[in-house]
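For reference, the structure discussed in these notes is given below.
All residue numbers in this chain count up from 1 along the given sequence. Side-chain atoms are counted along with the backbone in the values below, which use heavy atoms only and exclude waters and symmetry mates.
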Amino acid sequence: RKRTRATAEQLAVLEDTFAVNISPNAKLRKQLSERLLMSERSIQIWFQNRRAKVKHMQKRAQLQMHQAAIPPVLPVPHSPGYSTMMRAQSADAIHHSDNLFILSATTLVVGTWQRLALNATDLMCTFSQNAFQWHICDGGLQFKIHIPVESLRAIEYSPDRDEVHIDLLEAPLFYMLTDKVWTQCSDFSENRQASTYLRHTIKGAAESL
């Protein structure tokens with residue numbers, strides 16, 4: 001039997017739903033079925049395939065993240081990388097007593113690079129008075145993207161899509177957890193997009209965002 005492809009409008013709704021809930025229950029699948037005029041089985045299969053695609057993409061990115069876990073060469077004073085190193089040192093000096101807020105984010109998007117919280121430890125987005133941080137676990141390794149508040153240009157909330165856009169003035173800092181110590185590393189995102197695209201978007205529960 002010939003397969004019926006979802007229309008652009010149907011895909012847009014499915015993608016928006018996936019960004020918030022990667023595994024909808026029977027009730028939500030029924031609501032989507034009625035709204036999109038698709039069978040519940042078709043919707044269930046779409047979500048299964050979408051989760052499989054994300055897992056495949058994250059496995060591909062894993063190698064690049066491992067390659068990024070190389071201690072950087074320390075720059076000399078007044079060199080282009082010196083200010084970045086100084087920002088990294090100040091990032092390490094953040095006090096543990098700072099108020100830390102955990103955002104219920106299910107998706108992080110930078111350019112075409114995406115990280116999804118397929119499991120509880122896959123992605124954790126936090127905010128303190130000093131910085132935003134995206135914590136990412138991949139292949140048993142822990143990474144984080146650190147965005148100091150002084151690097152922020154603007155923050156925009158889109159209530160219709162349940163997402164927050166964070167625009168930066170400069171590239172963030174990248175770390176890997178080694179022997180229980182955060183060590184600065186190179187950009188581990190796909191094709192180093194987190195350094196090139198200065199808009200980071202997080203999606204999740206509207207109440208939290």
Side-chain angles (χ1 to χ4, degrees), residues 19 57-58 60-117 122-138 141-158 161-178 181-204 208-209:
M57 291 171 62
Q58 293 189 168
R60 283 179 53 196
Q62 181 177 337
L63 177 60
Q64 187 166 352
M65 294 176 77
H66 284 226
Q67 292 172 340
I70 301 174
V73 176
L74 295 179
V76 297
H78 310 300
S79 71
Y82 186 69
S83 61
T84 298
M85 185 192 74
M86 294 305 293
R87 286 197 297 124
Q89 291 178 346
S90 65
D92 286 334
I94 292 176
H95 298 296
H96 293 291
S97 60
D98 290 342
N99 290 327
L100 187 69
F101 300 93
I102 298 177
L103 305 173
S104 296
T106 57
T107 309
L108 168 66
V109 181
V110 184
T112 60
W113 181 61
Q114 289 190 76
R115 296 298 304 184
L116 282 89
D122 285 346
L123 173 68
M124 183 174 70
C125 299
T126 65
F127 169 69
S128 71
Q129 64 182 1
N130 292 298
F132 282 97
Q133 293 190 115
W134 318 141
H135 291 260
I136 297 168
C137 183
D138 195 299
L141 299 177
Q142 294 186 49
F143 300 86
K144 73 175 177 179
I145 298 176
H146 180 90
I147 305 173
V149 291
E150 58 266 24
S151 298
L152 298 177
R153 185 174 69 82
I155 300 177
E156 175 189 348
Y157 175 56
S158 299
R161 297 179 64 88
D162 291 337
E163 60 187 28
V164 174
H165 303 293
I166 299 174
D167 295 320
L168 314 182
L169 294 169
E170 56 188 344
L173 301 168
F174 304 88
Y175 292 87
M176 176 185 179
L177 190 63
T178 307
V181 176
W182 286 109
T183 303
Q184 190 178 3
C185 64
S186 58
D187 185 349
F188 48 77
S189 64
E190 184 180 13
N191 297 324
R192 302 192 174 188
Q193 293 184 72
S195 297
T196 306
Y197 292 89
L198 298 182
R199 165 166 281 201
H200 291 212
T201 299
I202 56 175
K203 305 179 182 182
S208 173
L209 298 182

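- For the pair W134 and I202, the minimum side-chain heavy-atom distance is below 4.5 Å.
- A donor-acceptor pair under 3.5 Å links the side-chain atoms of S189 to the main chain of A194, judged by distance alone.
- Among all heavy-atom pairs drawn from H146 and Y175, the shortest one is CB-CE1, 3.9 Å.
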Item checked: Working for side chain to side chain contact (heavy atoms under 4.5 Å, CB included), residues Q142 and W182 -> CA-CA 9 Å; Q142 294 186 49; W182 286 109; 4.2 Å; yes
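- A 4.5 Å side-chain heavy-atom check between W113 and L108 finds at least one atom pair inside the cut-off.
- In plain terms, the two heavy atoms of A105 and L123 that are nearest each other are O-CD2, 4.4 Å.
- In this structure, H200 NE2 and I155 CD1 are separated by 12.5 Å, a value rounded to the nearest 0.5 Å.
- For E156 and R199, the salt-bridge test passes: some basic side-chain N is under 4.0 Å from an acidic carboxylate O.
- For the atom pair CG (D162) and OG1 (T107), the distance works out to 11.0 Å, reported to the nearest 0.5 Å.
- Heavy atoms of other residues, nucleotides or ligands lying less than 6.0 angstrom from OH of Y197 number 12 at most.
- Summarising the geometry, atom CE belonging to M176 is positioned 14.0 Å from atom CD belonging to Q184; distances are rounded to the nearest 0.5 Å.
- Note that CG of L100 and CD of Q129 are 10.5 Å apart. Values are rounded to the nearest 0.5 Å.
- Looking only at side-chain heavy atoms (C-beta outward), V164 and K203 stay at 4.5 Å or farther from each other.
- For F174, the ring pair (Phe, Tyr, Trp, His ring centres under 6.0 Å) partners two or more places apart in sequence, or in a different chain, are F188.
- Once rounded to the nearest 0.5 Å, the distance linking CZ of R115 with OG1 of T106 reads 13.5 Å.
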Notebook entry, point to check: Step by step, would you call S151 with E170 a side chain to side chain donor-acceptor pair (under 3.5 Å)?
Noted result: CA-CA 6 Å; S151 298; E170 56 188 344; 3.1 Å; yes
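- Atom NE2 of H135 and atom CD1 of I102 lie 8.5 Å apart (nearest 0.5 Å).
- Closest approach of A171 to L198, counting heavy atoms only: N-CD2, 3.9 Å.
- Looking at heavy atoms from C-beta onward, F132 lies out of side-chain contact with V149 at the 4.5 angstrom threshold.
- At a cut-off of 3.5 Å, with distance as the only test, a side-chain donor of Q193 or T112 sits close to an acceptor on the other residue.
- Between S158 and H165, some side-chain heavy-atom pair lies under the 4.5 Å cut-off.
- Taking 4.5 Å as the limit, some side-chain heavy atom of L168 sits within range of a side-chain heavy atom of L152.
- A salt bridge between D187 and R192 is absent, with no side-chain N of the basic residue lying under 4.0 Å from a carboxylate O of the acidic one.
- Residues A117 and D122 come closest through the heavy atom pair CA-CB, 3.9 Å.
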